[in-house]
Structures are given as structure tokens and as C-alpha cells.
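Values reported hereafter were calculated over all heavy atoms of this structure, with side chains retained and with hydrogens, waters and symmetry mates removed.
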Amino acid sequence: MELHELKRTEGSVHVRKRVGRGMGSGLGKTSGKGEKGQKARSGVSIPATFEGGQLPLYRRLPKRGFSNAPFKIRYAVINVSDLNIFNDGDVVTPEVLKERGLLKKQLCGVKILGNGNLEKKLTIKAHKFSKEAIAKIEKSGSSKEVI
């Protein structure tokens, strides 16, 4: 068998569908789209959820459930290393932190985190402390007080 003797398999090649032409194509005049209506127009794209102007299912169903997210307790966080700007013996409170510019918003309170080292002896008053922060505060000889 030679290359010029190869033939296509029967039925593998189809004649292109010429829409909107006469001459027996069966797709003349309205091009297979039927008469009038939204789907007969050009540029139509109707979402799968569209119900023809009827109130959609997602709006007919009752809304259920509750989210506690708006009531979540969020703390403004400060690292132990940020407290080194104070002098020995100072009392650090949320108000003092705000005055010094370490806090922008107090939110539901202030939490002290244990990132870095504390090199001063301070009295720290906050709403919450992480375990690591407590260890570093006690190691430096400072004291903590939960508000």
C-alpha cells in the first residue's frame, strides 16, 4: 500500500452545516431557531438559573442558619519585644500603649504574645497573655496582671 492509495474511513468526514441557507439544507429562514422569542435573537445568553421572570428558587427558599462571626472576640496583639521601649519599673496598660502608638485599635482587648525577648522589668496589664509571653515576662523579672 502506498500513501496515494490511502482512503478515509467511511463516515469520518461530515459536510459542514450551513445555517441560514436554502437549497435543501433544512436550516434556512430562521436557521433552526424557531419563530421569535428571546432565544431566536442574536447574542442571547440566558443564565441556567433564569426562570423567565418568575421569582427564582434561591429567593423563594427561606433563609436559615446563624453566623456567630460578627460577635467574635478579637484582640489587638502586641509582642513582648515591642515593650522594650518602656523604662524599668513602668506600668504598661492599654491606654499607655495607645499613647505611645503601639496600638491603633483596642478592639475587644489587648493580648500580649511571646515573640522576641523582654529586657526590662515592667508591670504589664492586659486582657490576655500567651503561654510563651508569660514565661518570658517571668524570666525577665517583670510582673503581669490580667485586667
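Among residues at least two apart or in separate chains, side-chain hydrogen bond (donor to acceptor under 3.5 Å, both in side chains) pairs with a member in residues 39-53 are Glu51-Gln54, Glu51-Arg60. Here side-chain hydrogen bond (donor to acceptor under 3.5 Å, both in side chains) pairs that include residues 61-86, with residues two or more places apart or in two chains, number zero.
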Side chains of residues 127-135: which donor-acceptor pairs under 3.5 Å do they make with residues two or more places apart or in other chains?
residue, atom, partner, partner atom, Å
His127, ND1, Val110, N, 2.9
Ser130, OG, Gly114, N, 3.4
Ser130, OG, Ala133, N, 3.2
Glu132, OE2, Lys136, NZ, 3.4

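Other residues sharing a hydrophobic cluster with Leu113 under the 4.5 Å side-chain heavy-atom criterion for ILVMFWY residues are Val77. Apart from Ile46 itself, the hydrophobic cluster it occupies contains Val44, Phe50, where clustering links Ile, Leu, Val, Met, Phe, Trp and Tyr at side-chain heavy-atom distances under 4.5 Å. Residue Leu27 shares its hydrophobic cluster (ILVMFWY side chains chained together at separations under 4.5 Å) with Val19. The other residues sharing a hydrophobic cluster with Phe66 are Phe71, where clustering joins ILVMFWY side chains under 4.5 Å apart.
Legend: residues meeting side-chain contact (heavy atoms from CB on, under 4.5 Å) with Glu10, ordered by chain and number and at least two apart, are absent. Qualifying salt bridge (Lys or Arg N to Asp or Glu O under 4.0 Å) partners for Lys104, counting only residues two or more places apart in sequence or in other chains: none. Every residue meeting the salt bridge (Lys or Arg N to Asp or Glu O under 4.0 Å) condition with Glu35, not counting sequence neighbours, appears here in chain and number order: Lys29. In this view, Ser143 and Thr123 satisfy the side-chain contact (heavy atoms from CB on, under 4.5 Å) rule, not counting sequence neighbours. For the side-chain contact (heavy atoms from CB on, under 4.5 Å) test, residues two or more places apart in sequence or in another chain that qualify with Arg21 are Arg18.
A side-chain contact (heavy atoms from CB on, under 4.5 Å) with Ile124 holds for exactly one of Thr93, Val91, Leu118, Val146; it is Leu118.
Counting heavy-atom neighbours within 6.0 Å of Ile73 CD1, excluding the residue itself, gives a total of 12 or less.
A distance-only check finds a donor-acceptor pair linking the side chain of Lys120 to the backbone of Phe86 [under 3.5 Å]. In terms of modelled atom types and a separation under 3.5 Å, the side chain of Asp88 and the main chain of Lys121 share a donor-acceptor contact.
Of all the heavy atoms in Gly20 and Ser31, the pair that sits closest is CA-OG, 3.4 Å. The minimum heavy-atom distance between Ala76 and Leu107, with the atom names listed, is N-CD1, 3.9 Å. Heavy atoms only, all atoms of each residue included: Lys125 and Pro94 are closest at O-CD, 3.5 Å.
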